[in-house]
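One structure is given below, encoded as structure tokens.
Lettering follows sequence order; numbering is per chain, from 1. The structure displayed is predicted, hence computed values, not measured ones.
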Amino acid sequence: MSKTLFDKIWDSHVVKEVPGNRQVLYIDRHFIHEVTSPQAFAGIKQRGLELFRKEKIVATADHNIPTIDQHLPIKEELSRKQVDTLIENCEEFNIPLFGMGHEKQGIVHVIGPEQGITKPGMTIVCGDSHTSTHGAFGTIAFGIGTSQVEQVMASQCLILTRPKTMRITVDGKLGSGVSAKDIILYIISQLTTSGGTGYFVEYAGSAIKSLSMEARMTICNMSIEMGARGGMIAPDQTTFDYVQGREHAPTGDDWDAAVAYWSTLNTDDGAVFDMELKYSAEDITPMITYGTNPGMAIPVNEVVPEEVSEKALSYMGLNPGEILIGKDIQHVFIGSCTNSRIEDLREVADFVKGKHRCATTKVMVVPGSKAVEAQAIEEGLDVVFKSAGFELRSPGCSACLGMNEDKIPAGEYCVSTSNRNFEGRQGPGARTILASPLTAAAAAIYGKIVDVRQYIN
Amino acid sequence: MEPINQLVTTAVPMPIEHIDTDQIIPARFLKAVTRDGFGQNLFRDWRYDKSDTPNPDFVLNNSIYSGQILVAGKNFGCGSSREHAAWALADYGFRIVISSFFADIFKGNALNNGIVPIVVDDATLNQIFEAIESDPNTTFELDLQGQTLKGGGLAINFDIDAYKKECLLNGQDDIDYLVSLKEEIKQFEERQTIY
Ligand code: SF4
């Protein structure tokens, strides 16, 4: 029988069927971070349980940590306590932790792929909705709640109902100045934030195939923003080339066997999805959001639609029919697990080289990991950022969410390469406009929203 | 987890669509290392203004509405997977959330914390809002075993996953069952090749 990529991986991980249409699914990798793990560890201890497969857990500290002076203790007491709790738990249970200052530290969804821990065919979970990022490698990767974190710690399994499957095909060639972030914002604007609920999405088509691994991760990362459980892309030569040689990648004969297996991980001809959508890359332009969820996105040169929630627009200080081009921007944030990889930083540096930020726009560039930071410095990107007046900070979630010191002041606009523009996401009252790294870089230089296509050759 | 079967209570209306978990519990309140006390920051930025004064326009600050049911607009709980959202609702005292659509992860988190998510169609949701609006003391009666919710002139039959219903009725969670499968899980691991 013809199977989808999703079916192949899911079926090979079912331990058993459970009455009530549920299945026990085996989990190959479990990433944890400081915010959603403490109560799970506490539960394990309270119940007197052991970690069933501690060697399958990898921990990092990312949400709470400051992005300057990382050699100093965290100033904010509750943040420090949460990070310290993670350190204590990892010591007690003997789990590798890439904590603050560690050379492998970084945002959980950046370090997994970069160290070769994320590999095709796996099932991966983390107490974090953007675990969908790892789907770019042809994995079933999804976010879970803390009760489930505890379940995986206790049994390496979860009891789940099988999601429905959806295929989103994007064919054609992207225009210049249009990137993966624009593709996914475009798709979410079409589907709304609930259009993918109940589904696991496979992205396919020539426009997707042509993307680098970094760009594929950007797409899969935001699958959750349309409500989907996760997103995935069939592994191919681009995937293998990215994985090969990384620390946890197989070597020698194992590598050959792995690639032979990974090459079978694609959707068979004739396999049936519960829903199929098709888009054309030529229809996609640079995108921005105007509202308070990621589905409220428009092509940069279009006006704010008429029929939108007043609550959202009043929060954003915008009006129906208004065009955002020319809107003054006080902050630009380049970072988060959506767009903080080396390719994103290169793209930004390439655009800003020889230019300087607008005097009234503050710019933060926050690499996704220590490795990205080191690579950026090796390539001299730090020098480019410095002379452009961009502040290059140390890795962490940073201004993606108002949990650490990096916040956007109330009422001010921030063009952000992150994934969520919810009310208060970047700090109470902060007004977030989601965009691609290129659009964000242009906003930094010109101090306002522009159509970046007019500024590139 | 507290078992739940029958409950008679009033309801709090929140006719807002796409309420995300960042609104239910903003990120800066996720720093606790226990499950307790999140209720005081439930809907924090809607409930209090910048100087921490209760916002009189927000429904939780309006004393005519109370009860253990939250009725919300469609796509409730979208966004972040933070289970803290379910903990905050439960800690505040909600045992039932009614909406015409729930985000997946939130729904799972609610069920894992003894909160019953009840999905109704849009028309029914409006009728519930109207019933509460015309009389804030309208009581609703949950019968989880029978999968019904009655009140405000409505008698609703709702769907719930059979396995999760048992868990709610018995106050039991997945972990006990999973731990009992250890031998089968080990056998599965022996059959599995991973790279
Ligand atoms: S960067 Fe933002 S979205 Fe990504 S894991 Fe951190 S907080 Fe979550």
Chain B contact via [X] - which portion, at a heavy-atom distance below 4.5 Å:
{"X": "A:Tyr261", "result": "side chain"}
{"X": "A:Phe52", "result": "side chain"}
{"X": "A:Thr85", "result": "side chain"}
{"X": "A:Leu78", "result": "both"}
{"X": "A:Val14", "result": "backbone"}
{"X": "A:Ile144", "result": "backbone"}
{"X": "A:Thr131", "result": "neither"}
{"X": "A:Val15", "result": "both"}

Among [options], single out the residue with the greatest number of heavy-atom pairs under 4.5 Å to chain A.
{"options": "B:Ala86, B:Ala85, B:Ala27", "answer": "B:Ala27"}
{"options": "B:Val179, B:Leu30, B:Thr193, B:Leu181", "answer": "B:Leu30"}
{"options": "B:Arg191, B:His18, B:Arg44", "answer": "B:His18"}

Engaged part of [X] at the chain A interface, taking heavy atoms whose separation is under 4.5 Å:
{"X": "B:Gln23", "answer": "side chain"}
{"X": "B:Glu189", "answer": "side chain"}
{"X": "B:Tyr177", "answer": "side chain"}
{"X": "B:Asp161", "answer": "side chain"}
{"X": "B:Ser80", "answer": "both"}
{"X": "B:Lys164", "answer": "side chain"}
{"X": "B:Lys165", "answer": "neither"}

Tell me the closest heavy-atom pair linking [X] and [Y], and the distance in Å.
{"X": "B:Asp22", "Y": "A:Arg425", "answer": "OD1-NH1, 3.0 Å"}
{"X": "B:Asn75", "Y": "A:Thr193", "answer": "ND2-OG1, 3.3 Å"}
{"X": "A:Gln82", "Y": "B:Ala32", "answer": "NE2-O, 3.2 Å"}
{"X": "A:His13", "Y": "B:Phe188", "answer": "CA-CZ, 3.7 Å"}
{"X": "B:Gln192", "Y": "A:Asp28", "answer": "NE2-OD1, 2.9 Å"}

### Message
Before you tell me yes or no, could you show the steps for A:Glu150 and B:Arg35 under salt bridge (charged side-chain N to carboxylate O under 4.0 Å, His left out), namely the whole-Å CA-CA distance, both residues' side-chain angles and the distance that decides it to 0.1 Å?
### Response
CA-CA 13 Å; A:Glu150 190 179 331; B:Arg35 291 182 188 225; 3.5 Å; yes
Looking at chain B, which one of [options] has the largest number of heavy-atom pairs inside 4.5 Å, strictly under?
{"options": "A:Lys407, A:Arg53, A:Gln156, A:His63", "result": "A:Arg53"}
{"options": "A:Ser37, A:Ala228, A:Ser129", "result": "A:Ser129"}
{"options": "A:Gly198, A:Gly424, A:Pro250", "result": "A:Gly198"}
{"options": "A:Trp255, A:Tyr26, A:Trp262", "result": "A:Tyr26"}
{"options": "A:Gly227, A:Gly402, A:Ala410", "result": "A:Gly402"}

### Validation row: B:Ile105, A:Arg229 side chains within 4.5 angstrom (heavy atoms)
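Side chain of B:Ile105 against side chain of A:Arg229, heavy atoms only: contact under 4.5 Å found.
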### Validation row: B:His84, A:Val35 side chains within 4.5 angstrom (heavy atoms)
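Yes; the side chains approach each other to less than 4.5 Å.
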Looking at [X], I'd like to know if its [atom1] atom is crowded, meaning that more than 12 non-hydrogen atoms belonging to other residues, nucleotides or ligands lie closer than 6.0 Å.
{"X": "B:Glu2", "atom1": "CD", "value": "no"}
{"X": "B:Lys107", "atom1": "NZ", "value": "no"}
{"X": "A:Glu50", "atom1": "CD", "value": "no"}
{"X": "B:Asp159", "atom1": "CG", "value": "no"}

### Task
Go through B:Trp87 and A:Gln39 one step at a time and tell me if the side chain to side chain donor-acceptor pair (under 3.5 Å) criterion holds.
CA-CA 11 Å; B:Trp87 299 338; A:Gln39 293 86 355; over 6 Å; no
Please round to the nearest 0.5 Å and tell me the distance separating atom [atom1] of [X] and atom [atom2] of [Y].
{"X": "B:Ile175", "Y": "A:Cys157", "atom1": "CD1", "atom2": "SG", "answer": "12.0 Å"}
{"X": "B:Ile19", "Y": "A:Phe422", "atom1": "CD1", "atom2": "CZ", "answer": "12.0 Å"}
{"X": "B:Asn109", "Y": "A:Thr146", "atom1": "CG", "atom2": "OG1", "answer": "7.5 Å"}
{"X": "B:Lys74", "Y": "A:Ser194", "atom1": "NZ", "atom2": "OG", "answer": "6.0 Å"}
{"X": "A:Ile159", "Y": "B:Asp174", "atom1": "CD1", "atom2": "CG", "answer": "4.0 Å"}

### Query
Is it true that a side-chain atom of B:Glu83 and a backbone atom of A:Ser147 form a donor plus acceptor pair closer than 3.5 Å?
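Such a contact is found between B:Glu83 side chain and A:Ser147 backbone.
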### Query
Should the pair B:Asp20-A:Arg420 be classified as a salt bridge under the 4.0 Å nitrogen-to-oxygen rule?
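A:Arg420 and B:Asp20: not salt-bridged.
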### Message
Regarding B:Lys31 and A:Glu76, does a basic nitrogen lie under 4.0 Å from an acidic carboxylate oxygen?
### Response
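Salt bridge: yes.
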### Task
Test salt bridge (charged side-chain N to carboxylate O under 4.0 Å, His left out) on B:Arg82 and A:Asp128 and set out the steps.
CA-CA 7 Å; B:Arg82 60 188 68 162; A:Asp128 194 285; over 6 Å; no
### Query
Can you pull out the residues in residues 64-72 of chain B with any heavy atom less than 4.5 Å from chain A?
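Answer by number: none.
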### Query
In residues 110-135 of chain B, which residues are in contact with chain A at a heavy-atom separation under 4.5 Å?
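Expected list: B:Asn112, B:Asn113.
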### Query
What's the verdict on side chain to side chain contact (heavy atoms under 4.5 Å, CB included) for B:Lys182 and A:Ser155, showing C-alpha distance, side-chain angles and the deciding distance?
CA-CA 7 Å; B:Lys182 269 194 182 155; A:Ser155 68; 5.9 Å; no
### Task
Go through the steps for B:Asp173 and A:Arg47 under the test salt bridge (charged side-chain N to carboxylate O under 4.0 Å, His left out), then give the verdict.
CA-CA 12 Å; B:Asp173 50 32; A:Arg47 294 173 200 255; 2.9 Å; yes
